[in-house]
Every structure is written in structure tokens, then in C-alpha cells.
Amino acid sequence: MLHLDHVSKSFRNKRVINDLSLSIGTGVHGLLAPNGAGKTTLIQMIATLIRLDSGNITWNGQDIMVMDEDYRGLLGYLPQKFGYYPDYSAEDFLMYIAALQGIGRKRAKPLAKDLLKTVGLKDQGKQKMKTLSGGMIQRVGLAQAMINDPELMILDEPTAGLDPRERVRFRNLVHALSRDRIVILSTHIVSDLETIADRVIMLKDGQICCNQSPRQISRWLEGKIFLVPADYRLGQGQLLLEDELDGDATRLRIYSPEPPSQGQAVPANLEDAFLVIYGDEE
Ligand SMILES: Nc1ncnc2c1ncn2[C@@H]1O[C@H](COP(=O)(O)OP(=O)(O)OP(=O)(O)O)[C@@H](O)[C@H]1O
Ligand SMILES: [Mg+2]
């Protein structure tokens, strides 16, 4: 169990994480927030890469800074910008990461092969990294985060830049690898989380403004999302979510706490929640 207790972090005078407390158990936790909201900052603190200004982070009750190597031994991490040597093959790269983790060559070799198989790159292991597609490279990134069979795996925007098919593939992989571990996956793409996240954690003003399952979130918005005619004028408390094409006609998708004078209620999705929560930010 990972526990964040009153964690704060500022850069210069800007408070990015503000007195944030959070407990995380097994399962996939989606960290969903717009660009610049502080996802990477939070993740880098959990990965012990940057210091907290105040508060503390514990793993099963022990301070992660005090645990030091013991903690890093149970952590798998895929950074937002992950560095690799373009001339290394995928297998060489995994061997290199294994060596950094103190895993001997004899054990590392079959492990690297196994992991490449798991991420669907059995036949590409000998290929230089620079010849792989973006989706394949992200899968190598996932494999390196798995090398120590981590109890806690953190993936910072792993699907950025992937096409929809690779995105689905990556999502399914993460889901398959998430059993019996904690996975924290940051993204600003709602569809990354809709089907695999046990919980969706949203950040706003450096704090957690939502920590619920996708289903709970939809329930929270039930009866509050409507399609109304294109000429509908928004009333107080109502929010335009998006223009929707409906055959030849355009309709507006709106959030409205009370039923509007015209239009029909529709099921809510996670994207609606994102737009409602962050709708007032420019
Ligand atoms: N090392 C740093 N020095 C100064 N400011 C920083 C530093 N790292 C982050 N910031 C600022 O902190 C804020 C949060 O950045 P962070 O990278 O955590 O956001 P994010 O949610 O990961 O965004 P993105 O979706 O773009 O990756 C931003 O305003 C950023 O400019
Ligand atoms: Mg980031």
C-alpha cells in the first residue's frame, strides 16, 4: 500500500502539488489531468526522483526515502520521456537495464526474452531500437519497467503519440500485467482509462478533486448530461461540453444539474467528467 501524506511541492513560487494526501492499493490507478496539472511532478516524487517540500510518502508504513534501495527494488518506472540508445537492440537494452538493477547476465538473458515475448516483440528483439515504431518502443519501455517484477509500476503518459490500435494494444497489456500489483498510469487521454482503470484520480489546483471508479464517475453525472438543439442557449450552471453531429444536424452536448427546457438525457462517460471538472480552465 502506497500512502501520500500531506505532500506539497513548489517550483520557484508556483505550488504544483498542494497538501495532497492519497492512499493507493492494488489495481490500475489512472492519473488523469490536463497538461501542466502536476502529474509528472507527483510521479517523480513517488519514484523518489525529486524531493518533497513537505509531507511524506510511505510504502506499507515505511518512509520510501528511508527504504531507499529496498523501495527502488519493488518499483518499476516508465518515464514520460524515456531514454534509450538508438543503436542498442531491444534485447541489449533490456540486458542493460537488468545490469543496472543488479540482475546477473545468466538470469537476465531469458528474462529479457520472456519480457519481449510478453509485450509482443518476440521477433524484434535483435532489431535496433531506432528501427522500431513508436508503439513498439513504448512496449520495450513497458518491458524495462517490468524487469524486476515490480509491486508498484508507474507509467507516465505511456500512450502519448500512439495510434488508436497501438493504444488499445498497450492498454490491454497494462491490464494484463496489473494483476497483484499497483499500477499508476498518467494520461490526459480519457479513453486510456475508461475500460482498464479501477480508479481514476484527477488533479486540480495541486489537489485531488476526484478519486473514483469510472462507473462511480458516470453515476455521479447520471441525469446531468443532455443533447440539446444547436440553437439552445445555455442557462445558469449549464456547461457546453461539445458539438455533436447527429446525421446532418448538429446538437450540443451539455452538462446541466437540472433538466433543460428541451433536449434529452444521455448516458455520461468519463470524457464528460473531464470536461465538467476542467471546463472552467482556459
Ligand atoms: N523542474 C521544474 N522547474 C520549474 N517548473 C517545473 C519543473 N517541473 C515542472 N514544473 C512546472 O510544474 C507544473 C506541472 O508540471 P508537470 O510536468 O508535473 O505537469 P504534467 O501534468 O505532467 O503535464 P504534461 O501533461 O504536460 O506532462 C508546470 O507548470 C511546470 O511548468
Ligand atoms: Mg507530465
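For ligands, and for the atoms within them, numbers begin at 1 and follow the listed sequence. In what follows, residues are counted from 1 in the order of the sequence shown.
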* Asked: Other hydrophobic cluster members with Ile254, side-chain heavy atoms of Ile/Leu/Val/Met/Phe/Trp/Tyr under 4.5 Å, chained?
  -> Phe226, Val228, Tyr232, Leu234, Leu240, Leu252
* Quick check: are there more than 12 heavy atoms from other residues, nucleotides or ligands sitting under 6.0 Å from OH of Tyr85? -> no
* ligand 1 atoms in contact with Pro34 (distance to a heavy atom under 4.0 Å) -> 21 (O)
* To do: Test side-chain hydrogen bond (donor to acceptor under 3.5 Å, both in side chains) on Asp156 and Ser186 and set out the steps.
  => CA-CA 5 Å; Asp156 194 357; Ser186 94; 2.6 Å; yes
* Asked: What atoms of ligand 1 come closer than 4.0 angstrom to any heavy atom of Thr40?
  -> 17 (O), 18 (O), 20 (P), 22 (O), 27 (O)
* Would you check whether Ala37 reaches within less than 4.0 Å of ligand 1, judged by its heavy atoms? => yes
* Would you confirm whether Ser10, through its side chain, and Arg12, through its main-chain N or O, come within 3.5 Å as a donor-acceptor pair? => no
* Would you say Gly38 has any N or O atom under 3.5 Å from an N or O of ligand 1, going by distance alone? -> yes
* Asked: Got a salt bridge between Lys224 and Asp272, using NZ or NE/NH1/NH2 to carboxylate O under 4.0 Å?
  -> no
* When the ring planes of Phe82 and Phe93 are compared, do they come out parallel, tilted or perpendicular, using 30° and 60° as the limits? -> tilted
* For atom 15 (O) of ligand 1, which protein heavy atom lies nearest, and how many Å away is it? -> Thr41 OG1, 3.8 Å
* To do: Mark whether atom 31 (O) of ligand 1 lies under 4.0 angstrom from at least one protein heavy atom.
  => no
* Asked: After noting the C-alpha distance and the side-chain angles of Ile184 and Leu152, does the key distance pass the side-chain contact (heavy atoms from CB on, under 4.5 Å) rule?
  -> CA-CA 8 Å; Ile184 301 174; Leu152 170 61; 4.1 Å; yes
* Structure fact -> atom 26 (O) of ligand 1 has as its nearest protein heavy atom Asn35 ND2, 3.1 Å
* **Identity and distance of the protein heavy atom lying nearest atom 4 (C) of ligand 1** => Phe11 CB, 3.5 Å
* Does any non-hydrogen side-chain atom of Arg72 lie less than 4.5 Å from one of Gln101? -> no
* To do: With salt bridge (Lys or Arg N to Asp or Glu O under 4.0 Å) as the test, would you mind laying out the steps for Lys128 and Asp92 before giving the verdict?
  => CA-CA 9 Å; Lys128 285 187 176 175; Asp92 292 341; over 6 Å; no
* To do: Report, in ascending order of atom number, the atoms of ligand 1 lying under 4.0 Å from any heavy atom of Gln80.
  => 27 (O)
* Asked: Are there more than 12 heavy atoms of other residues, nucleotides or ligands under 6.0 Å from atom CD of Gln80?
  -> yes
* **Non-neighbouring partners of Tyr77 that pass ring pair (Phe, Tyr, Trp, His ring centres under 6.0 Å), sequence neighbours left out** => none
* Structure fact -> When distances are taken from atom 14 (C) of ligand 1, the protein heavy atom at minimum range is Gly36 O, 3.3 Å
* Closest protein heavy atom (residue, atom, distance) for atom 12 (O) of ligand 1 -> Val16 CG2, 3.2 Å
* Asked: Out of Lys14, Lys39, Arg12, whose heavy atom sits nearest atom 21 (O) of ligand 1?
  -> Lys39
* With a cut-off of 2.8 Å, how many protein N, O or S atoms neighbour the Mg ion (ligand 2)? -> 2
* All side-chain hydrogen bond (donor to acceptor under 3.5 Å, both in side chains) counterparts of Tyr84, not counting sequence neighbours -> none
